[in-house]
Amino acid sequence: MKRTLIKHVLESDQIGGRVKVAGWVRTRRDSKGGFSFLELNDGSSFAGVQIVVPGEIENYESEILNVTIGSAVAVTGELVESPGSGQRVEIHAGNVHVYGYADPDDYPLQKKQIGFERLRELAHLRPRTNTFGAMARVRNALAYATHRFYQERDFLYLHTPMITASDAEGAGEMFQVTTLDVGAPPRVDDAVDYSQDFFGRPTFLTVSGQLEAEAYALALDRVYTFGPTFRAENSNTRRHLAEFWMIEPEVAFADLSDNADLAEAYVRYLFQYILDHCSTDLEFFNKWVDDGLLARLDSIASADFRRITYTDAVEVLSKAEVAFDYPVDWGVDLQSEHERYLTEVAFEQPLIVTDYPSDIKAFYMRRNDDGKTVAAMDVLVPGVGEIVGGSQREERHDVLYESIVAKGLPVDDYWWYLDLRRFGSVPHAGFGLGFGRIVQFATGMQNIRDAIPFPRTPNSAEF
RNA sequence: UCCGGGGUAGCUCAAUUCGGCAGAGCAGCGGACUGUUAAUCCGUUUGUUGUGGGUUCAAGUCCCACCCCCGGAGCCA
């Protein structure tokens, strides 16, 4: 008999019909009336299905009474209306096949709640919990919504390389990729001889696909990347991972305003999508993780983002009647406490801050006419902080060249990037969005390590 | 990397200012009861107190070093 996913069983109106389901047992409750209840979950939905196992089936004593939390079973039976109060329908089992037991002496998950920190040590089993099942479904929905959003707008999904030779943004520690014997690499003089390495030169895991995305945007008009990126920073916060997924759209013939429009439309689309498609999971997060979650997602999906220039933001901050640890002054980057004040106190909504001082921003951002600022933007949201960083790119060859030199970067490495400005250059813009931070915000999970299946952080790559 | 807080039973935690026999709930196990649903009730097992050193008659507790975790900062997405 063909197996049905539990989510479909729960929606089914085929009362009296035969169904087959399979999954992992969440609880077994015995009745001395001579039968047992199993709650079975297969991850297809938040709710599991209740199985009523009559004592008459042949393996009841020998097997069913040994089924405990974590065991895997398949059940064939009749779908009936449930007389109990916790569910609309249930399955009266005619046959239960046990695929695998989970010895309760060793199985670490319990009916009772386990702390998130402990569950990180059980990353291979935590998807069997309510929270991480819900997280995985919401994360999946956000990924699907991402593709749908861009595909609906004629963006081309672009695969940029994971291994690169250059440090794309001139900032951030990178993981080196090598096939050399790290214990005894070949040497010329005192230096490692990278001409003998796999690529004949030092290579690294990418920190961004942006530069490559620009090349394709300047041929195919609008593209987006969606893939893993890597930062070897020794940063240990609840918002950072060493390996994280990023979405980077890049659009030709677009300026900073177009870019902000796109970022806002995308973020709002994501939240509206999960509100429409993940309501049960979100209600769970709203009840157990973050009680303001649904209201916040709803308000963000339905209201315009506030836009403000860096200069005006500094003005707001300098008038704030709050004692900041770091002084606010035009020319220095906004600190986390400043961003939090702006988005959580001053405006209480997502905020797009634009036109930052050029000295604190990357070389590829377009210089504004005032000579002091660049066409950069950050999208800030309450609770998580910066989720989007982007800019209009410098399309003028000479200005870009000067900027690379001024930042002390190796001009030769950027020959092909500069080439894009020599041949048919046009204004273009794009941004990067940290997918984990969106998942974090969308679920209310406090720590980004709990917003990705297998987090990679300093000292942690067990799974 | 810096600042702060932590590491005690399988899990969540306690152990009185000022060192003095290491405990409780949950889980597990045994039993009772029940169309149950975080089931309930009775009974019961469980310890290299993160690691290494030191002080002391005596250290979970005090001192030193190190490891790891969490929060904040920096870096950023």
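As the structure is a prediction and not an experimental result, all values here were calculated from the model.
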Open item on the list: Within the 3.5 Å criterion, strictly below it, is a donor on A/Tyr216 or A/Glu250 matched to an acceptor on the partner's side chain?
Closed with: no
Open item on the list: Can you confirm whether the side chains of A/Tyr364 and A/Glu214 place a donor and an acceptor under 3.5 Å from each other?
Closed with: no
Count the heavy atoms belonging to other residues, nucleotides or ligands that lie under 6.0 Å from [atom1] of [X], then report whether that count exceeds 12.
{"X": "A/Tyr144", "atom1": "OH", "result": "no"}
{"X": "A/Lys407", "atom1": "NZ", "result": "yes"}
{"X": "A/Trp330", "atom1": "CH2", "result": "yes"}

Side chain of [X] only, please: which of [options] is the nearest?
{"X": "A/Gln50", "options": "B/A73, B/U36, B/C76", "value": "B/U36"}
{"X": "A/Arg340", "options": "B/C69, B/U36, B/G72", "value": "B/G72"}
{"X": "A/Arg437", "options": "B/C76, B/C70, B/G35", "value": "B/C76"}
{"X": "A/Arg231", "options": "B/U37, B/U1, B/A77", "value": "B/A77"}

Rounded [atom1] spacing from [N] to [M] in Å:
{"N": "B/C62", "M": "B/G19", "atom1": "C1'", "result": "8 Å"}
{"N": "B/G20", "M": "B/G25", "atom1": "C1'", "result": "27 Å"}
{"N": "B/U46", "M": "B/G23", "atom1": "C1'", "result": "13 Å"}
{"N": "B/U49", "M": "B/A22", "atom1": "P", "result": "11 Å"}
{"N": "B/G60", "M": "B/C2", "atom1": "C1'", "result": "29 Å"}
{"N": "B/C57", "M": "B/U1", "atom1": "C1'", "result": "44 Å"}
{"N": "B/U8", "M": "B/A15", "atom1": "C1'", "result": "9 Å"}
{"N": "B/U61", "M": "B/U17", "atom1": "P", "result": "14 Å"}

Look for any protein N or O under 3.5 Å of an N or O in nucleotides 8-11 of chain B and output each such pair with its distance, or none.
from: B/G10; atom 1: N2; to: A/Gln110; atom 2: NE2; distance (Å): 3.1

Can you measure [X] atom [atom1] to [N] atom [atom2] for me and round it to whole angstrom units?
{"X": "A/Arg239", "N": "B/C70", "atom1": "CZ", "atom2": "P", "answer": "14 Å"}
{"X": "A/Phe35", "N": "B/U36", "atom1": "CZ", "atom2": "C1'", "answer": "8 Å"}
{"X": "A/Arg28", "N": "B/U34", "atom1": "CZ", "atom2": "C1'", "answer": "14 Å"}

Task: Main-chain N/O of A/Ile15 paired with A/Glu81 side-chain donor or acceptor, under 3.5 Å - done: no
Between the protein and nucleotides 39-48 of chain B, which nitrogen or oxygen pairs come in under 3.5 angstrom?
from: B/A39; atom 1: OP1; to: A/Lys111; atom 2: NZ; distance (Å): 3.0

Open item on the list: Just N and O in the side chain of A/Arg120: are any of them under 4.0 Å from OP1 or OP2 of B/C69?
Closed with: no
Open item on the list: Less than 4.0 angstrom between a side-chain N/O of A/Gln335 and OP1 or OP2 of B/A73, yes or no?
Closed with: no
- [ ] Using the side-chain hydrogen bond (donor to acceptor under 3.5 Å, both in side chains) rule, pick out the option among A/Asn368, A/Asp333, A/Asp378 that qualifies with A/Tyr356.
- [x] A/Asp378
Task: Pairing stems for RNA chain B [at least three consecutive pairs; Watson-Crick or G-U; under 3.5 angstrom] - done: B:1-7 with B:67-73, B:10-13 with B:23-26, B:28-32 with B:40-44, B:50-54 with B:62-66
